[in-house]
Amino acid sequence: MTTDVHGRDLRYFLAVAEELHFTRAAEKLYVSQPALSKQIRALERQLGIPLFDRDRQGVRLTEAGTALLPHARAVLAAWDEAEGAVRAARGEANGTLVVGMSTSPGRRGLLPAIRSRFTATHPRATIRLRQIGWEDPTAGLADRGSDVAFVWLPMAGANRFRWVVVATEPRLVALPEDHPLAARERIDFAELLDEPFLALPDTGPALRDYWLALDARDGRPPVVGAEIASADETYEALVGGLGICLVATGNAPLLTRGGVVTRPVDGVSESRFALAWRADDTRPLVRDYADAAAQAAASTRNCPRPPPAAPPA
């Protein structure tokens, strides 16, 4: 007996077995009745045994046909499930990945480097960038509006998320250019403890505390001059004299547009910029974008950095 039986043969057999009528089965399959009869006879020859008794009283399953029926159903059900999985994978490969961000990830070509690696694996996928306000420190992950997101660490509810660090950068202090400390080449954080600071919204307390450098204040509470929720608000607050703030090196150009300077600050830890995703999201599209981010970050770190520009005299 040969086992080279096609799925179409089993579908034809199953239709006749359920209808016990060749004409109705043919209509169900959208084939002609002679073609269906021919295919069933070919299947019976392949298996070496009749599957149906045909006489004037109608069509009945033989003992062999009855034995085959549950297995044919199981094989076809498994194949339908496999086809569904393939369709889902194809939809995933051709789908849209929403990338949330509350700050630009364009550090030294990082975003194009991630995109090129990701599209090599998913050439039909669409990447849609979504700008999120600083009120949401997860950049859209928490409300599931983003599939992956560029975020600053630390993240609240860390057990809900996974991430890969894509950049580690010193924190600078941003000051109005007429600030008494603006003429200094470097500033110790201890000299800033009494300064009013610009604070992130309290919707992300862990991140707010981090950018206020609570861990470097020896228990002294910060003086909050104003709350800011965007780079534009931060710049306006700085030039308006409402306070100063810490800023990652890669974000300094967003603030130094005129009237604002940044200086290296000693006594605070480096910032960590990450690509994050939800821990329960195991889709290949998400996993492969995260892998691309890790590879691009490693490549970027291995590139020589240009020497830092000297502050103006």
Counting C-beta onward and ignoring hydrogens, is there a side-chain heavy-atom pair between [X] and [Y] closer than 4.5 Å?
X: Arg278; Y: Arg144; value: yes
X: Leu51; Y: Leu61; value: no
X: Leu242; Y: Leu198; value: yes
X: Met155; Y: Arg162; value: no
X: Thr256; Y: Val261; value: no
X: Phe273; Y: Thr168; value: no

Handout entry: Residues which pass side-chain contact (heavy atoms from CB on, under 4.5 Å) with Asp136, listed by chain and number, not counting sequence neighbours
Key =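 Partners of Asp136 under the side-chain contact (heavy atoms from CB on, under 4.5 Å) test: Ile132, Thr138.
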Handout entry: For Pro196, all residues meeting side-chain contact (heavy atoms from CB on, under 4.5 Å), sequence neighbours excluded
Key =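 So Pro196 forms a side-chain contact (heavy atoms from CB on, under 4.5 Å) with Val223.
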Handout entry: Short N-O contact, Glu191 and Arg184, less than 4.0 angstrom
Key =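 Yes, this pair counts.
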Exercise for the section: Would you mind checking if Asp147 and Arg283 are paired as a salt bridge, meaning a charged N to carboxylate O distance below 4.0 Å? Expected result: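 Salt bridge present between Arg283 and Asp147.
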Problem - Partners passing salt bridge (charged side-chain N to carboxylate O under 4.0 Å, His left out) against Arg24 (at least two apart in sequence or in another chain) - result: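 Counting only residues at least two positions away or on another chain, Arg24 forms a salt bridge (charged side-chain N to carboxylate O under 4.0 Å, His left out) with Glu19.
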My understanding is that only residues two or more places apart in sequence, or in another chain, count here; which of them pass side-chain hydrogen bond (donor to acceptor under 3.5 Å, both in side chains) with [X]?
X: Asp209; answer: none
X: Glu177; answer: none
X: Asp266; answer: Arg186
X: Ser146; answer: Arg130

Please confirm whether the backbone N or O of [Y] pairs with a side-chain atom of [X], one donor and one acceptor, at under 3.5 Å?
X: Thr119; Y: His122; result: no
X: Arg117; Y: Ala293; result: no
X: Arg128; Y: Leu97; result: no

Exercise for the section: Sort and list the pairs that fulfil salt bridge (charged side-chain N to carboxylate O under 4.0 Å, His left out) and have at least one residue in residues 56-71, not counting sequence neighbours. Expected result: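 For residues 56-71: Asp55-Arg60.
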Practice task
Sequence neighbours left out, what pairs pass salt bridge (charged side-chain N to carboxylate O under 4.0 Å, His left out) with at least one residue falling in residues 220-239?
Solution key: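 For residues 220-239, and leaving out neighbouring residues, the salt bridge (charged side-chain N to carboxylate O under 4.0 Å, His left out) pairs sorted by first residue read Asp194-Arg220, Arg208-Glu227, Asp232-Arg257.
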Problem - Asp218 atom CG, over 12 foreign heavy atoms within 6.0 Å - result: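 No - once you tally the heavy atoms of other residues, nucleotides and ligands closer than 6.0 Å, there are 12 at most.
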Problem - Residue that, paired with Leu111, satisfies side-chain contact (heavy atoms from CB on, under 4.5 Å) out of Leu129, Val166, Ile127 - result: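 It is Leu129, the one option of Leu129, Val166, Ile127 that forms the side-chain contact (heavy atoms from CB on, under 4.5 Å) with Leu111.
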Problem - Among Leu255, Val173, Val260, the one residue meeting side-chain contact (heavy atoms from CB on, under 4.5 Å) with Val247 - result: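 The single option meeting the side-chain contact (heavy atoms from CB on, under 4.5 Å) with Val247 is Leu255.
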Problem - Pairing residues for Phe13 by the ring-ring contact (aromatic ring centres under 6.0 Å, His included) criterion, not counting sequence neighbours - result: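 Only Phe52 meet the ring-ring contact (aromatic ring centres under 6.0 Å, His included) criterion with Phe13.
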Problem - Distance-only polar pair, side chains of Arg287 and Thr282, donor-acceptor under 3.5 Å - result: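 Note: Arg287 and Thr282 side chains miss the donor-acceptor criterion.
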Exercise for the section: Please collect all ring-ring contact (aromatic ring centres under 6.0 Å, His included) contacts where either partner lies in residues 200-240, sequence neighbours excluded, each pair once. Expected result: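 Passing the test, one end in residues 200-240: Trp152-Trp211.
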Practice task
Check the pair Asp80 / Arg11 against salt bridge (charged side-chain N to carboxylate O under 4.0 Å, His left out), numbers first and verdict last.
Solution key: CA-CA 11 Å; Asp80 287 343; Arg11 290 194 188 280; 2.6 Å; yes
Donor-acceptor list for residues 32-39 side chains, cut-off 3.5 Å, not counting sequence neighbours:
unit_1, atom_1, unit_2, atom_2, d
Ser32, OG, Ala35, N, 3.2
Gln33, NE2, Ser37, OG, 2.7
Ser37, OG, Gln33, O, 3.2
Gln39, NE2, Asp9, OD1, 2.8

